[in-house]
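Some notes on the structure that comes next.
When a residue number appears, it is its place in the shown sequence, counting from 1.
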Amino acid sequence: MAPTYRDATINSVEATATVSGSTGGGRDEKGNVYFFPDVSVSIGYWFDNEGVPSSDWDTHFKAQLWINGEQVGKKQDLSAGGPQTYTFFAHKFPAPGTYKVEVRGKNSKSIDVTIKNPPVQEKKAAQ
């Protein structure tokens, strides 16, 4: 039997540091998360398994990553156990700004991702 490919029903989307404990960003004074340019950011998303068991290796769910209205990635995944599956895209944003990030399948879920330059470290004069 040939594999089938379904557009995923996207349940939610989030942005997190790709590496746990990463110094690739922080929180501003209001608690909003931001990341630094050229640091890998995980655009994670949950999709509905639609009753497909994890033992079904013939059904793949497709999703696309769009940033500011431009497609920058696509992937296909098998379902995991339970009603939903979590997976992610890794993306490096090139410059400071706020980006509209969407994960599209049967539907679309989006978030805004803020990129800021890292703070400038002052060098101490050699004694």
Short N-O contact, K106 and E50, less than 4.0 angstrom |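 The answer is yes: the pair qualifies as a salt bridge.
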Any luck finding a side-chain donor-acceptor pair between [X] and [Y] under 3.5 Å?
X: Y86; Y: E14; answer: yes
X: K109; Y: S12; answer: no
X: D112; Y: T98; answer: no
X: N11; Y: Q84; answer: yes

Side chain to side chain, P94 and Y99, heavy atoms closer than 4.5 Å =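 The answer is yes; the side chains approach within 4.5 Å.
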Partner residues of D56 under the side chain to side chain contact (heavy atoms under 4.5 Å, CB included) criterion, sequence neighbours left out =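 Side chain to side chain contact (heavy atoms under 4.5 Å, CB included) list for D56, sorted by chain: V52, P53, D58, T59.
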Linking I/L/V/M/F/W/Y whenever any side-chain heavy atoms sit under 4.5 Å apart, do I111 and F89 land together?
->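 Both belong to a single hydrophobic cluster.
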Option among K62, R104, K74 that satisfies the salt bridge (Lys or Arg N to Asp or Glu O under 4.0 Å) test with D7 |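 Passing option: K62.
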Pair F61 and Y5, ring centroids less than 6.0 Å apart =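 No, ring centres 6.0 Å or more apart.
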Does K92 offer a backbone N or O that forms a donor-acceptor pair with the side chain of S40 under 3.5 Å?
->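 Not a single qualifying donor-acceptor pair exists.
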Hydrophobic cluster (4.5 angstrom, side-chain heavy atoms) - remaining members for L78 |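 Result for L78 is W57.
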Just say parallel, tilted or perpendicular for the rings of H91 and F93, cut-offs at 30° and 60°.
->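 Rings of H91 and F93: perpendicular, over 60°.
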